*Asks:* 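To start, I am sharing the structure in question, which I have written as C-alpha cells.
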Protein chains: 2
Amino acid sequence: MTQTPDAVCVQSLVALFTIDDRPPGRRAPGQPPKELKVLLLGPEGDSGAWRLPGGPVTGQDTLVRAALRTLGEGVGPGIHLEQLRTYDDLDPGPPRTIVVAHIGLVPPAVREAVRPSSPATWVPVDEPPLHAPGRLPLVAGHARVLAEALQRLRNKVDYTLLAFQMLPEEFTMSELRQVYEAILGEDLGTSDERRKANFERSIRLLNERVGRLMEARTGVFQPPIVRTGRTRKGPRGPAAHLYRFVGDITLITK
Amino acid sequence: MTQTPDAVCVQSLVALFTIDDRPPGRRAPGQPPKELKVLLLGPEGDSGAWRLPGGPVTGQDTLVRAALRTLGEGVGPGIHLEQLRTYDDLDPGPPRTIVVAHIGLVPPAVREAVRPSSPATWVPVDEPPLHAPGRLPLVAGHARVLAEALQRLRNKVDYTLLAFQMLPEEFTMSELRQVYEAILGEDLGTSDERRKANFERSIRLLNERVGRLMEARTGVFQPPIVRTGRTRKGPRGPAAHLYRFVGDITLITK
DNA sequence: CCAAAAGTGTTGAATATACACCCATGT
DNA sequence: ACATGGGTGTATATTCAACACTTTTGG
C-alpha cells in the first residue's frame with residue numbers, strides 16, 4: 001500500500017441480528033416464544049474478549065464488504081444492512097482508528113449461510129451470557145455499539161418495516177407478533193390476550209397505509225402483506241392463515 | 001506521521017443549516033417569509049466547484065473538530081451537530097477516502113461566529129444558485145450529501161425538537177411557524193390562515209407531551225416552551241407573546 | 001372439559017384536519 | 001375601509017388503547 005497523507009485506520013463493524021425460537025427450557029411464563037439474537041465472534045489472540053464481526057477497510061473494499069468479510073462466501077444477499085453511526089472514540093489506538101458500525105438483519109433462511117471463519121455464537125440479547133451472571137466479556141467499546149444498535153432497532157421497528165426482514169418467506173400473524181415481541185421485549189398478545197386484537201389491527205392499518213403509499217407511487221394499490229391462501233396448523237388451536245411480505249423493507253411507514 | 005497498515009483517508013463533512021429572512025424582493029406571494037440556507041465554501045484550487053465545509057481527520061482530532069476546523073476559532077458551542085451517514089463511494093480516489101457526513105444547525109446568534117477561512121456563502125436551499133438556472137457548481141458527491149442532509153432534516157423536524165435549534169433566544173409563535181415553513185417548504189398558516197390554528201395546536205400538544213416526558217424522567221412537569229412574559233410588536237397587528245425554549249433539543253418527541 | 005391459539009367486535013380517549021371567527025393596528 | 005397579523009373556537013375523521021367475546025382443537 002502506498003503512503004498517503006493524513007491516513008487513519010477504518011474499521012467496519014456489524015451487529016447482526018436474527019430471530020430464533022426460545023428454547024422451552026429457558027422460557028419463563030409470560031416470556032415471548034421467540035428471542036432476538038446477535039452474532040458474536042470468539043476471542044482472538046490473547047484478549048479473551050468476544051467481539052462483533054467486522055474488519056478493516058482496505059484497498060477498494062466497500063464498507064459493507066469489510067463488515068461481512070469474515071462471515072463466509074456468499075454472505076450479503078438476503079441480509080438487510082444499514083449504518084448505525086461512525087465512532088471516533090471506540091478504539092483508543094494507536095493507530096488512530098475510526099469505526100463505522102452497522103446493523104444487519106438476517107432472515108432465518110439466510111442464517112445457515114453465515115459461517116464465520118472463527119468460533120462464533122448467536123447470543124440472546126436480553127439474557128446471559130450478555131448480562132450478569134457469568135457475563136461474557138466483550139471487546140472494549142463493542143458493548144456500547146451493541147447497546148446503541150439494539151436501541152436503534154427497537155426505535156425503528158415501529159415506524160419502518162424492518163421486522164419483516166427477520167421473518168421466513170411464509171409466516172402466520174402469530175409469528176409476526178412474536179417477532180415484534182422478541183425485538184421489543186414486550187408482550188403484544190401472546191400471553192396477554194387483551195392486546196392481541198390491537199396488534200392485529202395495527203398491522204392491518206399499516207398494511208393499508210403502505211398499500212395506499214404504493215398506489216400514490218406506482219398507481220397500483222399494493223399492500224405489502226398478502227395471504228398465500230394456505231394455512232398452517234400449530235400445536236394448538238385452529239389452523240392459521242399464512243402470509244408473505246411482497247414489499248420493500250426500506251420503505252418508511254410514517 | 002507513521003505508516004500504519006490498511007490506512008485510508010477519512011474526511012469529515014458538514015452541511016451547516018440556518019434560517020434567515022427571505023429578502024422581500026425574492027419573496028413570491030405565498031412563500032414563507034424565512035428561508036433555509038446552507039453554508040458553501042468557495043472554489044479551491046482549479047476545480048471551480050463549491051463545496052461543503054470539512055476536512056481530513058488527522059492525528060487525534062475528533063470527527064466534529066475535523067468538520068468544523070476551517071470555520072474559525074470558537075465555532076462549535078451553540079451548534080447542534082449530528083451524523084448523517086458515512087460514504088465509501090463519494091470520493092473516487094486515489095487515495096482511498098471515506099467521508100463521514102454531518103448535519104449542523106446554527107442559531108442566528110451563532111451565525112456571525114462562523115467565519116470560514118476561505119470565501120463562503122449561505123445559499124438558500126430551494127432557490128438558485130443551487131438549482132437551475134445559473135446553477136452553482138458543486139464538488140462531485142457534495143450535491144448528494146446535501147440532498148440527503150436536507151431530506152433527513154425535513155424528516156426529523158416533525159418528530160424531534162430540531163427546529164428550535166435554529167430560533168433566536170426569544171421568539172414569537174409566528175417565527176416558530178415560519179421556521180417550520182422554511183424547513184419543510186410548506187405553508188402552515190402564514191398565508192393560508194386556515195392552517196394556522198392547527199399548527200399552534202400541534203405545538204401546544206407537543207409542549208405538553210414533552211412536559212409529561214420530563215415529568216416522568218425528572219419528577220418535574222417541565223414543558224420546554226415557556227412564555228417570557230414580554231411581547232413584541234411586528235409591522236402589523238397586535239403585539240405577539242415572546243417564548244423561550246428551555247428544554248433539550250436532542251429529546252425525541254414520539 | 002379445559003387450556004391454548006386463531007380471529008372478530010366495541011368503546012372511549014387522544015390526535016389530526018378542515019374550517020370559521022374575532023381583535024388589533026398601520027396604511 | 002381594509003389588508004395584515006395575532007389569537008381562539010368548533011366539528012369531523014382517524015387512530016390508539018383497553019377490554020369482551022367466539023371458535024377451533026389437542027390433551
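Computation of the quantities below employed the complete heavy-atom set of this structure, encompassing side-chain atoms and omitting hydrogens, waters and symmetry-equivalent molecules. Remember, predicted model here, so these are calculated numbers, not experimental data. Residue numbering restarts at 1 for every chain, and letters A, B, ... go by the order of the sequence lines.
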*Asks:* Report the distance from atom NZ of K196(A) to atom P of dT22(D), rounded to the nearest whole Å.
*Replies:* 14 Å
*Asks:* Could you tell me whether the phosphate oxygens of dG6(D), OP1 or OP2, come under 4.0 Å of any side-chain nitrogen or oxygen in R232(B)?
*Replies:* no
*Asks:* So, OP1 or OP2 of dG7(D): does either fall under 4.0 Å of a side-chain N or O from H241(B)?
*Replies:* yes
*Asks:* Output the rounded distance in Å from OH (Y243(A)) to C1' (dA6(C)).
*Replies:* 10 Å
*Asks:* Under 4.0 Å between any heavy atoms, over every strand shown, what does E193(A) touch: base, sugar-phosphate, or nothing? Just pick one.
*Replies:* base
*Asks:* Looking for any heavy atom pair under 4.0 Å, which part of the strands does R195(B) touch: base, sugar-phosphate only, or nothing?
*Replies:* nothing
*Asks:* Answer with base, sugar-phosphate or nothing: what part of the nucleic acid does A239(B) contact at a heavy-atom distance below 4.0 Å?
*Replies:* sugar-phosphate
*Asks:* Is E186(A) paired with R154(A) through a side-chain N to carboxylate O contact shorter than 4.0 Å?
*Replies:* no
*Asks:* Which sits closer to the 5' end of DNA chain C, P235(B) or T172(A), going by the nucleotide each is nearest to?
*Replies:* T172(A)
*Asks:* What are the two closest heavy atoms between K34(B) and R22(B), and how far apart are they?
*Replies:* O-NH2, 3.5 Å
*Asks:* Check the distance between dA6(C)'s C1' and E175(A)'s CD and give it to me in whole angstrom.
*Replies:* 13 Å
*Asks:* Could you work out which one of dG7(C), dT8(D), dT8(C) sits closest to the side chain of A197(B)?
*Replies:* dT8(D)
*Asks:* Between atom NZ of K196(B) and atom CG of D187(B), what is the distance when rounded to the nearest 0.5 Å?
*Replies:* 11.0 Å
*Asks:* Tell me what S174(A) touches on the nucleic acid: a base, only sugar-phosphate, or nothing, going by heavy atoms under 4.0 Å.
*Replies:* sugar-phosphate
*Asks:* Of the candidate nucleotides dG9(D), dA16(C), dG6(D), which contains the atom at the shortest distance from the side chain of L205(B)?
*Replies:* dA16(C)
*Asks:* Over how many whole Å does the gap from N198(A) atom CG to dA20(D) atom P extend?
*Replies:* 13 Å
*Asks:* In whole angstrom, what separates E200(A)'s CD from dG9(C)'s P?
*Replies:* 13 Å
*Asks:* For R201(A) and dA6(C), give me the distance from atom CZ to atom C1', rounded to whole Å.
*Replies:* 15 Å
*Asks:* Rounded to whole Å, please give me the gap between CZ in R236(B) and C1' in dT25(C).
*Replies:* 8 Å
*Asks:* Kindly say if R194(A) contacts the phosphate of dC19(D), meaning a side-chain N or O under 4.0 Å from OP1 or OP2.
*Replies:* yes
*Asks:* Return the value, rounded to whole Å, for the distance between atom NZ of K233(A) and atom C1' of dT25(D).
*Replies:* 6 Å
*Asks:* Check every strand shown and say whether R209(A) touches a base, only sugar-phosphate, or nothing at a heavy-atom separation below 4.0 Å.
*Replies:* nothing
*Asks:* Determine, for F199(B) and R195(B), whether the Lys NZ or Arg CZ falls below 6.0 Å from the six-membered ring centre while staying within 45 degrees of the axis.
*Replies:* no
*Asks:* Without swapping roles, check the side chain of Q83(B) against the backbone of A101(B) for a donor-acceptor pair under 3.5 Å.
*Replies:* no
